[in-house]
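Quick notes on the structure that follows.
Whatever order the structure lists ligands and atoms in, that order sets their numbers, starting from 1. Computed from heavy atoms alone, side chains included, the values below leave out hydrogens, waters and symmetry copies.
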Amino acid sequence: MTAYRNVRLFGEPVLREKAKPVEVFDKKLLSLINEMFKIMEEAHGVGLAAPQIGHPLRLVVIQFEDNRYVLVNPEIIDKSKEQEEFEEGCLSFPGVSVNIKRPSRVKVAYHDEKGKRSILEANGLLSRIVQHEIDHINGVLIIDRANKRERLEALEKFSEFLVKHNLDPSLTREK
Ligand code: ZN
């Protein structure tokens, strides 16, 4: 249970907000980034968006292979026509995974933690993680990209997870 202690779960309104751009690159931002990496690692995640810990900001951290990525105000500026389907989970949806089709490759413009503009070209699993996290800062969740049957199954599994962990079952009902 501890793994999910600090991560906001599906049903919490902050996960549905369109997050605001980061405008100030200061020590506070750096400490938020450190906190995000810590929480992501504790939860054994590969990516985390700031809204998932209650901050409606356009900020994403990723741990992929041996690299750490900090994407501030990321924006997809190009994507491949070619798509791939892959099973995705989400720290805000423990116990759930759904198949999602996404562009195989994306090009993302972003700021680093010091405010420097940069471009990331990603393919394979990294491309998928980046797109999943950018969805989060736009208030989009994996169930929104699943087909109807998988969406219902996912909500059912999530509901079981809540019951099993004595969490508020009304979380599965979005208002
Ligand atoms: Zn997620």
Side-chain angles (χ1 to χ4, degrees), residues 1-22 32-65 67-76 79 83-104 106 108 110 120 122-147 150-162 164-165 167-168 171-174:
M1 203 37 233
T2 49
Y4 304 105
R5 197 183 45 203
N6 297 309
V7 179
R8 303 296 177 100
L9 301 180
F10 171 67
E12 301 210 24
V14 68
L15 294 176
R16 289 307 200 177
E17 277 180 47
K18 191 167 163 62
K20 302 231 160 28
V22 171
L32 177 58
I33 290 166
N34 282 336
E35 192 191 345
M36 285 173 69
F37 274 113
K38 199 169 153 256
I39 291 172
M40 180 179 68
E41 276 156 25
E42 279 170 6
H44 305 289
V46 290
L48 189 74
Q52 290 182 279
I53 58 162
H55 297 267
L57 285 172
R58 306 187 77 77
L59 168 63
V60 162
V61 300
I62 291 170
Q63 169 82 54
F64 179 68
E65 292 174 340
N67 298 311
R68 278 183 160 196
Y69 300 86
V70 176
L71 308 178
V72 184
N73 305 329
E75 207 181 314
I76 294 172
K79 57 189 179 202
Q83 297 201 324
E84 269 168 42
E85 192 173 80
F86 199 79
E87 204 174 343
E88 281 182 39
C90 178
L91 294 178
S92 296
F93 258 113
V96 167
S97 60
V98 294
N99 287 299
I100 300 178
K101 212 180 232 182
R102 296 189 188 269
S104 313
V106 287
V108 176
Y110 67 99
L120 171 69
N123 58 39
L125 195 51
L126 180 61
S127 162
R128 182 159 294 269
I129 300 166
V130 167
Q131 292 177 71
H132 176 116
E133 300 309 331
I134 292 178
D135 270 355
H136 270 302
I137 59 176
N138 290 321
V140 176
L141 298 169
I142 50 173
I143 53 164
D144 305 334
R145 297 201 180 275
N147 66 39
E150 287 205 354
R151 182 190 169 96
L152 290 173
E153 278 174 12
L155 289 173
E156 206 167 294
K157 276 195 195 150
F158 180 61
S159 182
E160 283 165 15
F161 173 89
L162 294 175
K164 201 172 146 200
H165 294 277
L167 292 163
D168 179 6
L171 277 178
T172 43
R173 293 192 298 271
E174 279 199 339

Step by step, work out the side chain to side chain contact (heavy atoms under 4.5 Å, CB included) result for His132 and Arg145.
CA-CA 10 Å; His132 176 116; Arg145 297 201 180 275; over 6 Å; no
Excluding waters, how many protein N/O/S atoms sit closer than 2.8 Å to the Zn ion (ligand 1)?
3
Can you tell me how far the CG atom of Asn138 sits from the CD1 atom of Ile76, to the nearest 0.5 Å?
8.5 Å
Would you check, one step at a time, whether the test side chain to side chain contact (heavy atoms under 4.5 Å, CB included) holds for Ile39 with Leu91?
CA-CA 10 Å; Ile39 291 172; Leu91 294 178; over 6 Å; no
Answer yes when Glu88 and Arg102 have at least one side-chain N-carboxylate O distance shorter than 4.0 Å, and no when they do not.
yes
Working to the nearest 0.5 angstrom, can you tell me the gap between Leu126 CG and Gln131 CD?
10.0 Å
For the side chain to side chain contact (heavy atoms under 4.5 Å, CB included) test, which of Leu125, Val46, Val130 pairs with Phe64?
Leu125
